[in-house]
Amino acid sequence: MSSTVRTTWSVDEHLDDILGSIRPLDPIELQLPDAQGCVLVDDVTVPVALPPFDNSSMDGYAVRVADVAGAGEEYPAVLTVVGDVAAGSGELPEVGPGQAARIMTGAPLPPGAEAVVPVEWTDGGAGGGAATTMRAASTDPDGAGGEVRVYRPVEARAHVRARGSDVQAGEPALAAGTVLGPAQIGLLAAIGRGTVRVRPRPRVVVMSTGSELVQPGEALGPGQIYDSNSYALSAAARDAGALAYRVGAVTDDADGLRAAIEDQLVRADLLVTTGGVSVGAYDVVKEALSAPDGTEGGSGVDFRRLAMQPGKPQGFGTVGPDHVPLLALPGNPVSSYVSFELFVRPAIRTLMGLKDVHRPRARAALSADKALTSPAGKRQFLRGTYDAQAGTVTPVGGAGSHLVAALAHADALLVVPEDTTIVGPGAELEVVIIR
C-alpha cells in the first residue's frame, strides 16, 4: 500500500495501489469435489488415452465386416452369437468368421470384431425382439448360443469409439490458470486424478454499516431502509469466484465495528465494508480504522478521495496481525456496486491467481436522444445496456448514486473520461461489460 500523501487519487492510481499490494493465495491440494471454482496451479497432462480401449457406442452386436456385407431385409446375414460383452467386461469372447457377440454401450470391442451393428438393425437374436433380448440373460453363462439376423451391412469401425479418440496419453489436458468448472472436474476425474493443486477460492467477508439499516423481511421503522449493499456485494463476490460471507449490518459504533472486523478475520482473505467513509459525523468506518490520535491510517487503512463519480470516498489497507486486505466502499448502493466492479472484483481475481482480472471492455456509440454531461476532472461511470451487434450503448436511469432499479437493468458501465464534460449522441465511449 502506498504511503504517498495526496489530495485526490485517480481511479487508476487507486486500483494500481490495491493490485500492487495483493498477492495470489498460496496453492493447496484439494479433492476434486472441493476444487470447483478454484484456479489450477500446474499444467495437467493426460496419463492414459481416453477412451483407454476401443469400445462400442451402441447396444448391438460386434461383428466382422465381411460377414454382414450385402445383408438386407430379404436376405439377412445369420450369425452365431458367441457371448455377451458388457461394460467392464474383462475376459472377452473372440469373434470368428460367421460369429457375433452381443455388446453393450461402452463395452470393449472383442478381438476379431471390426464393427458394431446396432441392435435395431437386427432381429435382436433368437427372435425375441431387440430390446427384450439385449436385456435378457442367455441360457449359456457366457452368453453364447443362438443366432442373430443382421439386416444391414456396416463399414469397418462403424459405431466404435477408438482408443484415444478423445485425447491421447501425453497430450495436455488443462493449462495452469484454468478455472475448474464442472467440465474440467469431469475431465480430471476421467484421467484418474483424485486431487489437484489449486489456488483456493478467496474468502470474502462483506459488511454493511449504518444504524438506519434493516434486514429484508423485517418491518421498517421511521428513517430506516433495507440493507441491500451486503446482499448485492456478497452476490457479486460469489460471481467473481469467491466464497462470500455476508455479515449483518453493523450500527454506527466504532467499537462495535472494530469488534465485528476482528471476529471476521479468522475466515477472511479479503474484507469489504460499505458506508461510513465520507466526512459525516457518523462515518464509523473512518473512525474505527483511524489511529488513536485521530489521524487516518493508524490501522493500515488509508481513506481517499477519488476523481470519479459515483464512488468518490474510498478506503484501502490491511487489518489484523495477518494484514488482511480491507476495501472500504461508499454506502450509496450504486456507488458501492460500481466501486466493487472497479476495485474489489480485480482484487478477488488477483487473489485467485488469474492473469486477466478485469471485466471485458468495448467501444460503443452512445445511443441517446440528448447529450450526456459529466463533471470536469472526474471519471464518470453511468449505467447502460450494451448492444454488441449494433455496437451501441444506451444509458439506463440517471447519474444518481441511489438508483438501484436502474442498476438492476444495466449490463454495462459507460465510462466518461475526466477531460470530457459533454458526450453527444453517436459519440464513441468505452464501456465495461458487467453481465
Side-chain angles (χ1 to χ4, degrees), residues 32 44-69 71 76-126 128-174 182-194 196:
L32 289 190
V44 175
T45 56
V46 179
V48 295
L50 289 182
F53 47 81
D54 291 352
N55 69 90
S56 176
S57 65
M58 306 283 287
D59 287 346
Y61 290 85
V63 300
R64 297 162 65 97
V65 172
D67 291 335
V68 295
V78 181
L79 306 177
T80 301
V81 178
V82 296
D84 288 345
V85 185
S89 293
E91 295 185 12
L92 305 176
E94 183 165 356
V95 177
Q99 297 178 334
R102 274 184 290 264
I103 192 167
M104 309 303 169
T105 302
L109 192 70
E114 300 169 322
V116 173
V117 176
V119 67
E120 293 84 1
W121 297 2
T122 75
D123 67 348
T132 301
T133 305
M134 292 303 291
R135 292 193 299 266
S138 171
T139 56
D140 188 296
D142 296 323
E147 294 179 338
V148 62
R149 287 169 173 78
V150 179
Y151 298 107
R152 292 175 61 176
V154 290
E155 297 179 353
R157 309 297 292 176
H159 310 296
V160 174
R161 296 184 289 218
R163 178 183 184 274
S165 56
D166 189 355
V167 289
Q168 294 283 351
E171 290 184 349
L174 296 171
Q184 292 75 31
I185 295 292
L187 174 57
L188 289 168
I191 63 176
R193 291 291 294 266
V196 66

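Counting heavy atoms from C-beta outward, Trp121 and Val68 have side chains that stay 4.5 Å or more apart. The shortest distance between side-chain heavy atoms of Pro76 and Asp123 does not fall below 4.5 Å. Residues Val196 and Leu174 are not in side-chain contact: their nearest non-hydrogen atoms beyond the backbone lie 4.5 Å or more apart. Between Val95 and Arg64, some side-chain heavy-atom pair lies under the 4.5 Å cut-off.
Shortest non-hydrogen contact noted between Ala113 and Ala62 is CB-CB, 3.7 Å. Among all heavy-atom pairs drawn from Pro93 and Val82, the shortest one is CB-O, 4.1 Å. Nearest heavy atoms, Val78 versus Glu147: CG1-OE1, 3.5 Å. Minimum interatomic distance between Ala115 and Val65 (heavy atoms only, all atoms of both residues): CB-CG2, 4.3 Å. Nearest heavy-atom pair, Ala100 versus Val148, reported as atom, atom and distance to 0.1 Å: CB-CG1, 4.2 Å.
Partners of Asp67 according to the side-chain hydrogen bond (donor to acceptor under 3.5 Å, both in side chains) rule, which considers only residues two or more places apart in sequence or in another chain, do not exist here. Residues passing the side-chain contact (heavy atoms from CB on, under 4.5 Å) test with Val160, sequence neighbours excluded: Asp54, Leu109, Val116, Arg157. Ala71 pairs by the side-chain contact (heavy atoms from CB on, under 4.5 Å) definition with Ala77, not counting sequence neighbours. Taking the side-chain contact (heavy atoms from CB on, under 4.5 Å) definition, one finds that Glu94 meets it with Pro111, sequence neighbours left out. In this structure Ser57 satisfies the side-chain hydrogen bond (donor to acceptor under 3.5 Å, both in side chains) test with no other residue, sequence neighbours excluded.
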Going through the distances and angles, do Ile191 and Val44 end up as a side chain to side chain contact (heavy atoms under 4.5 Å, CB included)? CA-CA 10 Å; Ile191 63 176; Val44 175; 3.8 Å; yes
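Between the OG1 atom of Thr45 and the CD atom of Gln168 there is a distance of 13.5 Å, given to the nearest 0.5 Å. Between Thr122 atom OG1 and Arg102 atom CZ the span is 10.0 Å, to the nearest 0.5 Å. Taking CG of Asn55 as the start and OG of Ser89 as the end, the distance is 11.5 Å to the nearest 0.5 Å. Note that NE2 of His159 and CD1 of Ile103 are 12.0 Å apart. Values are rounded to the nearest 0.5 Å. Summarising the geometry, atom CG belonging to Leu79 is positioned 10.0 Å from atom OH belonging to Tyr61; distances are rounded to the nearest 0.5 Å.
Within the structure, the side-chain hydrogen bond (donor to acceptor under 3.5 Å, both in side chains) test picks out the following pairs touching residues 104-114 (sequence neighbours left out): Asp59-Thr105.
At distances below 3.5 Å, not a single donor-acceptor pair connects side-chain atoms of Arg163 with backbone N or O atoms of Pro51. Here the side chain of Arg161 pairs a donor or acceptor atom with the backbone of Ser56 at under 3.5 angstrom.
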